[in-house]
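Accompanying notes for the structure given below.
Only a predicted model underlies this, so the values are computations on that prediction, with no experimental measurement involved.
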Amino acid sequence: QVQLVESGGGLAQPGESLKLSCKASGSIRGVNMMAWYRQAPGKQREVVARFSYGDSNYADSVKDRFTISGDNAKMTVDLQINSLNPEDTAVYYCPQRSREIDYWGQGTQVTVSS
């Protein structure tokens, strides 16, 4: 199985920045999926950033503010978040797939408020 630990979230004011990190371990070779999801209370989970085939893709609501990166040797996937706004408040996840099973950690909470 795969263990995932998301970190870096917390309380922030509008306009500030945060860097989230996802550390994977267990029965996995590198970070096979490179994507970040988020889910706000009462809302469906959405993909906010994804990297594949050499290109990064972002949801319209976060484009130009979020940057995804990864390191297969360290088995980490990071998400740099700039210019935070209250709509970014959510639990952020970095899932991984191993042997056709998707694994999810407990996520890291980002709360943006004055």
Side-chain angles (χ1 to χ4, degrees):
Q1 63 187 56
V2 175
Q3 289 76 233
L4 298 167
V5 179
E6 296 103 334
S7 62
L11 300 174
Q13 296 183 6
E16 293 184 339
S17 298
L18 288 174
K19 186 175 183 179
L20 310 184
S21 183
C22 176
K23 175 71 174 181
S25 62
S27 57
I28 185 172
R29 293 178 177 268
V31 283
N32 301 304
M33 295 175 60
M34 194 173 296
W36 280 91
Y37 291 68
R38 71 182 182 187
Q39 186 168 25
K43 306 296 183 181
Q44 67 179 17
R45 186 182 302 139
E46 64 173 340
V47 178
V48 294
R50 182 172 64 90
F51 183 89
S52 64
Y53 299 102
D55 291 324
S56 299
N57 295 292
Y58 302 92
D60 290 341
S61 60
V62 308
K63 189 177 291 291
D64 299 325
R65 299 189 298 114
F66 288 23
T67 303
I68 188 172
S69 62
D71 190 324
N72 275 318
K74 297 180 180 179
M75 298 181 64
T76 58
V77 182
D78 295 338
L79 185 69
Q80 177 67 45
I81 306 176
N82 296 326
S83 301
L84 283 160
N85 61 58
E87 289 69 42
D88 296 321
T89 297
V91 180
Y92 286 73
Y93 302 89
C94 181
Q96 293 295 319
R97 174 167 290 179
S98 180
R99 289 182 283 275
E100 300 184 328
I101 299 175
D102 292 337
Y103 294 86
W104 298 80
Q106 58 187 334
T108 184
Q109 175 73 51
V110 172
T111 302
V112 185
S113 176
S114 297

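Note that the CE atom of Met34 and the CG atom of Leu79 stand 12.0 Å from one another [nearest 0.5 Å]. In this structure, OG1 in Thr89 is found 7.5 Å from CD in Gln109, a value given to the nearest 0.5 Å. Between Ile28 atom CD1 and Ser25 atom OG the span is 9.0 Å, to the nearest 0.5 Å. Rounded to the nearest 0.5 Å, atoms CG (Asn82) and NZ (Lys19) are 11.0 Å apart.
Atom CZ of Arg50 sits in a sparse spot, with 12 or fewer heavy atoms from other residues, nucleotides or ligands closer than 6.0 Å.
Contact check for Tyr92 versus Ile81: side-chain heavy atoms found under the 4.5 Å cut-off. No side-chain heavy atom of Tyr58 sits less than 4.5 Å from a side-chain heavy atom of Asp64. Looking at Leu18 and Asp88, their side chains never come closer than 4.5 Å, going by heavy atoms from C-beta outward.
Across Gly9 and Leu20, no two heavy atoms sit closer than the pair N-CD2, 3.6 Å. Minimum interatomic distance between Cys94 and Ala35 (heavy atoms only, all atoms of both residues): SG-O, 3.4 Å. Val77 approaches Trp36 most closely through the heavy-atom pair O-CZ2, 3.3 Å. Pairing each heavy atom of Arg38 with each of Ala90, the nearest pair is CB-CB, 3.9 Å. Closest heavy-atom contact between Ala24 and Gln96: CB-CG, 4.4 Å. Across every non-hydrogen atom of Pro95 and Leu4, the tightest pair is CA-CD1, 4.1 Å.
The hydrophobic cluster containing Met75 also contains Tyr103, counting ILVMFWY residues as joined when their side-chain heavy atoms lie under 4.5 angstrom apart, directly or transitively.
Applying the side-chain contact (heavy atoms from CB on, under 4.5 Å) criterion to Gln106, with sequence neighbours excluded, gives no partner residue. For Asp102, the salt bridge (Lys or Arg N to Asp or Glu O under 4.0 Å) partners two or more places apart in sequence, or in a different chain, are Arg97. Tyr37 meets the ring pair (Phe, Tyr, Trp, His ring centres under 6.0 Å) test with Trp104; sequence neighbours excluded.
Of the N and O atoms on the side chains of Asp78 and Gln80, not one donor lies less than 3.5 Å from an acceptor on the other residue.
Within the 3.5 Å criterion, the main-chain N or O of Glu6 finds no donor-acceptor partner in the side chain of Tyr93. Between the side chain of Lys23 and the backbone N or O of Lys74 there is at least one donor-acceptor pair closer than 3.5 Å. Side-chain N or O atoms of Ser27 include one that pairs as donor or acceptor with a backbone N or O of Gln1 at under 3.5 Å.
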